[in-house]
2 protein chains.
Amino acid sequence: MSAGRRTAPPEKALTRQAEDYLKCIYEIEQGGAPAATTDIAEQLGIAAASVSGMLQRLARLGLVSVERYRGARLTAPGRAVALQLLRRHRIIESFLVTKLGYGWDDVHEEAERLEHAASAELIDRMAEALGNPTTDPHGAPIPTAAGRVDERRLASIADLPIGARARVVRMSDRDPEFLRYLAKRGIVPGATVRVAAREPFDGPITLTVGRAKQAVGAAAAAAVYVDGAAREPRTGKV
Amino acid sequence: MSAGRRTAPPEKALTRQAEDYLKCIYEIEQGGAPAATTDIAEQLGIAAASVSGMLQRLARLGLVSVERYRGARLTAPGRAVALQLLRRHRIIESFLVTKLGYGWDDVHEEAERLEHAASAELIDRMAEALGNPTTDPHGAPIPTAAGRVDERRLASIADLPIGARARVVRMSDRDPEFLRYLAKRGIVPGATVRVAAREPFDGPITLTVGRAKQAVGAAAAAAVYVDGAAREPRTGKV
DNA sequence: GAAATAAGTTAGTACGTACTAACTTATGGT
DNA sequence: ACCATAAGTTAGTACGTACTAACTTATTTC
Ligand SMILES: [Mn+2]
Ligand SMILES: [Mn+2]
Ligand SMILES: [Mn+2]
Ligand SMILES: [Mn+2]
C-alpha cells in the first residue's frame, strides 16, 4: 500500500477525455512531429478551440509540453499514461475477439469506452487469460504493464514499389467498414501481398493477394502496414 | 435501425452519475417509501444539496418524479434505466468471478465503473458465456434484457425468530471486508443457518452454521437475506 | 516581401456536477 | 400549539468540457 514510484504524486484520476487526448497525441507523435492542434481536433471530432483549452490543462498537470502555435508533445508522465491506456485498449480488444466472439472489425468502439473503466487488475487478468499476447487483433503491439512497447515505424502498402512482396502486420482499426472491406479482399494481419501495379498521382494500387488481384485506393493502402517488404526475387516463386 | 419504442425519444446517453443516481433510487425505493434526499446523499457519498440539484435534472428528463421535501420516485423510463444498469452490474460481477477468477468480495467496485461503459451487446455476450445466470455472486437477481426482475422482498437474518432455520440467498455487496467476514464464518449464498439465540435491544444474534456457532451483530444480520425461513420442526433434525 | 490563407488562440457562453453557507419546511416531543 | 432539531432547498462558487465568434500568428503563394 505504501510502495509506489517516487516520481508519481497523489495523481487524482484523469478523466476519460484527458486520457483520450493523451492517447491521441501519442499516436500523432508517432508520425515524428509534435501533435498539432488541428490534428488532435480532427481525430477526436472536437473543435480546435476546445483542444487549445484542454492542452493548457494537460500542460498544467505536467502531462504535455505545449509550444504555442507549434503543437504538443507528451512528457514522460503523459507518455506513461498514454501507454497504459493503449495497453488497456488493446488487451480489451483482444479479449473481446478471443473470448467473447466479437468480430475484429467491431471491437474498437467498445474498447474505446471500456479502456477508461477497467482497472490494472482486470487488464492483467484478461491478459493472462489470453496468454499475454503481444499484439491486438489489428496487429498493433500491446505495451507491457511496465510501459514498454514496440515503436518501430512500419512501411505501408502505399510505400511499396512495384513487384514488392510483404506480409501484412497491422492496420488502422478506426473504421469497421474499412476493416470489413479489407477482410473481404483477404487483406488481414498475416496475409502476404504483392504489388502488381501502381497508378501514378496517388492512383489505385493493384495487389496480388493469394490467387486474386485487387485494386485498392491509395488512402486505403496507406492504412495497411507491412513487414519485411522485399522486392520479388528474380527467380520468384511464392 | 428504425424500430425503437414510440415512448423513447432520441435519448442522449445518460452520464455515469445520472445512472448511478437512478440505480440508487431504485434500491432505496425497494424499501417501500420514496427515496429521501439524505438517503441518496449518504449512499452516494455526496452532499444533500448536490442531490437536490440532480433530482431536478432527472425530473426534467422525465426519469424521476420529485415531490418537494418528500423524496423521489422513479418513473417508468427511469426504472427501465435502473434495471438495465442493474443487469449490467450483476452480469459483470458474475463474469468477473466465474471467468476471470475474481473473488466474490472484490468485484463490486470494478463493476461499479464498468457498468457504465459496457454496451448491451457486450452484456448479452457475457450473459450467454455464463449460461444466462439469474443471480449474481452475492445472490442478487439479474434483470432480464427485457427488464423483468424478481423483486420479492426477502427476510433478513435479523428478522428471524429464535429457532428458525433458513437458507442464505443474498447479501449486501458494498463492503468487501464485510463479505470476507461473512465468508469466513460460512455465511455465503446457499448456506443454511439456524438462529440459536438472540439478545434483545438489537444485540448479537447467535447462529448455527454447519456445526459451528457464530455470534453476529444486528447490523450484519440485517444485511444477510434468507429464503424459506421456517421454525425448526418439533421433531427437529437437520 | 506583401497579401492571402491556414492554423491556432482567446473571449464569452453553456451545461453538468459538486461544494459550502444560509435559509426554509417538516416533524416529534412536550 | 410550539419549538427544537432534522431534513431539504436555494444561492453562490468552482471546475471540466465543449461550443461559436472574433482575433492573432504562421505559412504559402505570387
Ligand atoms: Mn482500437
Ligand atoms: Mn477512449
Ligand atoms: Mn455489486
Ligand atoms: Mn456505477
Side-chain angles (χ1 to χ4, degrees), chain A residues 9-25 28-29 31-73 78 81 85 112-113 115-117, chain B residues 9-25 28-29 31-73 78 81 85 112-113 115-117:
Chain A
E11 238 175 57
K12 213 175 114 247
L14 293 170
T15 62
R16 177 190 148 100
Q17 287 90 332
E19 285 191 330
D20 276 337
Y21 270 84
L22 294 173
K23 187 174 65 171
C24 177
I25 293 166
I28 294 171
E29 265 195 285
T37 300
T38 345
D39 292 354
I40 300 171
E42 198 208 355
Q43 286 280 317
L44 298 179
I46 270 175
S50 311
V51 173
S52 282
M54 179 63 107
L55 288 182
Q56 290 174 210
R57 255 170 273 138
L58 293 175
R60 187 154 49 75
L61 294 172
L63 297 168
V64 305
S65 70
V66 183
E67 216 178 324
R68 226 144 144 267
Y69 290 102
R70 287 279 136 95
R73 284 179 178 288
V81 171
L85 185 62
E112 200 55 61
R113 282 174 285 106
E115 63 186 357
H116 309 285
Chain B
E11 236 174 59
K12 210 174 116 248
L14 294 170
T15 62
R16 177 193 146 102
Q17 286 90 329
E19 286 190 331
D20 276 336
Y21 270 84
L22 294 172
K23 188 175 65 170
C24 177
I25 293 166
I28 294 171
E29 266 195 286
T37 301
T38 343
D39 293 354
I40 301 170
E42 198 207 356
Q43 287 279 317
L44 298 179
I46 270 175
S50 311
V51 174
S52 283
M54 179 63 107
L55 288 182
Q56 289 173 211
R57 256 169 272 135
L58 293 174
R60 188 154 47 76
L61 294 173
L63 298 168
V64 304
S65 70
V66 183
E67 216 179 322
R68 223 142 146 272
Y69 291 101
R70 287 280 138 96
R73 284 179 177 290
V81 171
L85 184 63
E112 200 55 60
R113 282 174 284 109
E115 63 187 356
H116 309 285

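Below, chains carry the letters A, B, ... as their sequence lines are ordered, and counting in each starts from 1. Values below: all heavy atoms of this structure, side chains included; hydrogens, waters and symmetry mates excluded.
For the pair A:Gln56 and C:dT9, the criterion of a side-chain N or O lying under 4.0 Å from OP1 or OP2 is not met. The side chain of B:Tyr21 places no N or O atom within less than 4.0 Å of a non-bridging phosphate oxygen (OP1 or OP2) of C:dG16.
For the pair B:Lys12 NZ and C:dC15 C1', the computed distance is 8 Å after rounding to whole Å. The CD atom of A:Glu67 sits 15 Å away from the C1' atom of C:dT9 (whole-angstrom rounding). To the nearest angstrom, P of C:dT17 lies 9 Å from CG of B:Leu14. Atom pair B:Arg57:CZ and D:dT9:P shows a separation of 13 Å (rounding to whole Å applied). We find that CZ of B:Arg60 is positioned 12 Å from C1' of C:dA14, with the value rounded to whole Å. To the nearest angstrom, P of D:dA7 lies 18 Å from CD1 of B:Ile46. The interatomic distance linking B:Met54 (CE) with C:dC19 (C1') rounds to 14 Å, in whole Å. Summarising the geometry, the separation between CG on B:Leu44 and P on C:dT17 is reported as 12 Å, rounded to the nearest angstrom.
Using a 4.0 Å heavy-atom criterion, one finds that B:Thr37 contacts the sugar-phosphate atoms exclusively. In this structure, A:Thr15 reaches the sugar-phosphate backbone alone: every heavy-atom distance under 4.0 Å involves primed, P, OP1 or OP2 atoms, never a base.
Taking CE of B:Met54 as the start and CG of B:Leu22 as the end, the distance is 8.0 Å to the nearest 0.5 Å. In this structure, the separation between CG on B:Leu63 and CG on B:Leu14 is 6.0 Å, given to the nearest 0.5 Å. The CZ atom of B:Arg16 lies 6.5 Å from the CD atom of B:Glu112; values are rounded to the nearest 0.5 Å. Separating the NZ atom in A:Lys23 from the CG atom in A:Leu85 is a distance of 5.0 Å, to the nearest 0.5 Å. In this structure, OG on B:Ser65 lies 13.5 Å from CZ on B:Arg70, to the nearest 0.5 angstrom.
For the pair A:Ser50 and B:Ala36, both in contact range of DNA chain D, the more 5′-proximal nearest nucleotide belongs to B:Ala36. Mapping B:Ala48 and A:Ala47 onto DNA chain D by nearest heavy atom places B:Ala48 closer to the 5' end of the strand.
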Can you name the atoms? Protein N/O to nucleotides 21-28 of chain C N/O, anything below 3.5 Å, with the distance.
from: C:dT27; atom 1: OP2; to: B:Arg70; atom 2: NH2; distance (Å): 3.4

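Judged as a side-chain hydrogen bond (donor to acceptor under 3.5 Å, both in side chains), and not counting sequence neighbours, the contacts of B:Asp20 are B:His116.
For the pair B:Val66/B:Leu58, no side-chain contact is recorded, criterion being any heavy-atom separation below 4.5 Å from C-beta on.
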